[in-house]
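If you're wondering where the values come from, they're calculated on a predicted model, not measured in any experiment. Naming: A, B, ... by sequence-line order, numbering from 1 per chain.
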There are 2 protein chains.
Amino acid sequence: MLIATLKELFAEHGLKFTNQRYLVYRTMAAARDHPSAETVWRRVRGEAPAISLDTVYRTLAAFETRGLVARVPGGGDEGRFDGDATPHHHLVCLSCGAIEDFSMPGAGLADLPPEVSAWGRVRDAQVLVRGVCRRCLCQVENQQPDANQRSECR
Amino acid sequence: MLIATLKELFAEHGLKFTNQRYLVYRTMAAARDHPSAETVWRRVRGEAPAISLDTVYRTLAAFETRGLVARVPGGGDEGRFDGDATPHHHLVCLSCGAIEDFSMPGAGLADLPPEVSAWGRVRDAQVLVRGVCRRCLCQVENQQPDANQRSECR
DNA sequence: TTCGATGCAAATACTTTGCACGATA
DNA sequence: TATCGTGCAAAGTATTTGCATCGAA
């Protein structure tokens with residue numbers, strides 16, 4: 001995205017354009033791994049060594065409020081953020097914390113039952129799947145040489 | 001549930017039967033509001049004033065591991081627990097933190113796309129709806145007497 | 001020039017852990 | 001009686017906040 005365009009986007013949301021916000025935005029747009037605030041911080045520090053962690057927190061909070069990033073639920077103690085704020089679903093590994101996207105027709109906002117609109121105003125709806133990713137399953141399996149059961153690995 | 005039955009249930013899961021665990025279990029089974037650990041603690045203290053908060057944390061963790069309670073995702077900073085560990089979906093109010101259940105056929109474990117089973121082993125799947133509940137919407141509306149827009153209240 | 005944004009440090013909130021004692025099986 | 005569970009206090013982790021300074025508009 002062009003810097004000029006991004007400047008406009010920020011202005012539309014009442015946000016001043018700063019180098020820190022630019023870098024956080026760019027990092028989030030490029031990230032596919034739903035990073036935590038601290039992870040974003042580490043990445044951004046490569047280009048702006050002086051940026052502080054609380055600025056990253058504040059920036060992500062400002063972006064989240066305005067729908068520029070989304071907070072991914074179910075990711076354990078630490079908040080995880082998604083640069084893709086369009087509707088989609090998530091797979092969360094309870095073992096390593098990895099988060100992946102997946103798509104599932106028929107489980108979007110339009111498919112919610114009527115009782116939901118009676119409940120209040122919906123901001124977002126997503127399917128959240130929690131489990132253990134294949135990589136973690138295989139690590140455990142490899143530690144037990146007597147694994148003569150069905151393998152979910154490879 | 002009979003105490004003898006509960007004793008058995010605990011034994012099946014390798015848990016000793018203690019008064020604290022009994023009370024936490026009973027509280028969770030009766031709760032409909034997906035309480036936090038601290039909320040459970042306050043309730044249990046009515047009957048066991050000496051129970052400590054960390055025992056509640058440990059007990060809920062032990063129950064969660066064994067599938068006796070579930071942790072509800074998306075509930076903000078503090079962990080929220082569900083005495084009903086059977087599959088169902090959740091509505092989370094971002095304003096007051098209230099959590100409600102809802103049901104939605106076609107969005108269960110059996111309806112997940114095949115790519116999910118390739119990802120790893122699924123523990124649970126649920127639809128998570130985040131928004132603002134009607135009660136909170138109406139509070140805001142009542143604070144603005146000039147609310148001549150469509151009302152989601154009443 | 002003004003007001004929002006940032007960095008620093010301290011504070012807060014929630015949860016976990018070490019340890020000695022107590023209670024269950 | 002051996003082991004697990006509990007209470008207490010302290011520690012740990014993630015996040016937020018006060019304040020003075022800085023910088024975008």
Side-chain angles (χ1 to χ4, degrees), chain A residues 3-4 6-25 27 34-42 44-45 47-66 68-69 71-81 94 97 99, chain B residues 3-4 6-25 27 34-42 44-45 47-66 68-69 71-81 94 97 99:
Chain A
I3 291 197
L6 191 54
K7 219 162 178 172
E8 241 176 78
L9 179 66
F10 282 8
E12 282 169 21
H13 288 288
L15 295 172
K16 287 184 181 174
F17 184 89
T18 66
N19 192 44
Q20 290 90 330
R21 283 180 178 161
Y22 166 64
L23 291 172
V24 169
Y25 187 91
T27 300
H34 312 83
S36 67
E38 190 163 344
T39 301
V40 172
W41 182 51
R42 278 197 296 268
V44 167
R45 276 206 296 180
E47 301 185 63
I51 192 173
S52 69
L53 177 56
D54 49 279
T55 293
V56 174
Y57 273 109
R58 279 189 270 225
T59 303
L60 289 171
F63 286 175
E64 189 200 357
T65 300
R66 292 159 177 84
L68 301 176
V69 305
R71 191 179 290 261
V72 185
D77 332 317
E78 55 177 9
R80 300 283 291 265
F81 296 87
L94 299 167
I99 300 177
Chain B
I3 291 198
L6 191 53
K7 218 161 178 171
E8 240 175 79
L9 180 65
F10 282 7
E12 283 169 20
H13 288 288
L15 295 172
K16 288 184 179 174
F17 185 88
T18 67
N19 193 44
Q20 291 90 329
R21 282 179 178 164
Y22 165 63
L23 292 172
V24 169
Y25 187 91
T27 301
H34 313 83
S36 66
E38 190 163 344
T39 300
V40 173
W41 183 50
R42 278 197 297 268
V44 167
R45 276 206 296 180
E47 301 185 64
I51 192 173
S52 69
L53 177 57
D54 49 279
T55 293
V56 175
Y57 272 110
R58 278 188 273 226
T59 303
L60 288 170
F63 287 175
E64 189 201 358
T65 302
R66 292 158 177 87
L68 302 176
V69 305
R71 191 179 289 261
V72 185
D77 333 316
E78 53 178 9
R80 301 283 291 264
F81 296 88
L94 299 168
I99 300 177

For A62(A) against L15(A), the heavy-atom pair lying closest together: CB-CD2, 4.2 Å
Distance below 4.0 Å between Q20(A) side-chain N/O and dG23(D) OP1 or OP2: no
Atom pair distance, as rounded to whole Å: CZ in F17(B) and P in dG22(C): 22 Å
N/O (side chain, T55(B)) to phosphate O (OP1/OP2, dG7(D)) under 4.0 Å: yes
H13(A) NE2 to dG4(C) C1', straight-line distance once rounded to whole Å: 17 Å
CG (N19(A)) with more than 12 external heavy atoms under 6.0 Å: yes
Donor-acceptor pair, side chain of R80(A) and main chain of G75(A), under 3.5 angstrom: no
Contact nearer the 5' end of DNA chain D, comparing R21(B) with K7(A): R21(B)
Plane angle bin for F63(B) and Y25(B) - parallel if under 30°, tilted between 30 and 60°, otherwise perpendicular: perpendicular
Length of the CD1-P vector between I3(B) and dT24(C), whole Å: 13 Å
L60(B) CG to dG5(D) P, straight-line distance once rounded to whole Å: 14 Å
Atom-to-atom span, NZ of K16(A) to C1' of dC22(D) - whole angstrom: 10 Å
Separation of atom CG in L15(A) from atom C1' in dT6(C), rounded to whole Å: 14 Å
Protein-nucleic acid N or O pairs under 3.5 Å, nucleotides 14-18 of chain C:
| unit_1 | atom_1 | unit_2 | atom_2 | d |
| --- | --- | --- | --- | --- |
| dT15(C) | OP1 | G79(B) | N | 2.4 |
| dT15(C) | OP2 | Y57(B) | OH | 2.2 |
| dT15(C) | O5' | Y57(B) | OH | 3.2 |

Length of the line joining R45(A):CZ and dC8(C):P, which is rounded to integer Å: 11 Å
Nearest-0.5 Å distance, CG of residue D77(B) to CG of residue D77(A): 11.5 Å
For atom OH of Y22(B) and atom P of dA25(C), their distance in whole Å: 15 Å
T18(B) vs dT6(D): side-chain N/O to OP1/OP2 distance below 4.0 Å: yes
T39(B) and F81(B), any side-chain heavy atoms less than 4.5 Å apart: no
Main-chain N/O of K16(A) paired to R21(A) side chain as donor or acceptor, under 3.5 Å: yes
Inter-residue atom distance T55(A).OG1 - L60(A).CG, 0.5 Å rounding: 10.5 Å
Short side-chain to backbone donor-acceptor contact, W41(A) and Y57(A), under 3.5 Å: no
Rounded (10°) bend between the five-pair end axes of the helix from dT1(C)-dA25(D) to dA25(C)-dT1(D): 40°
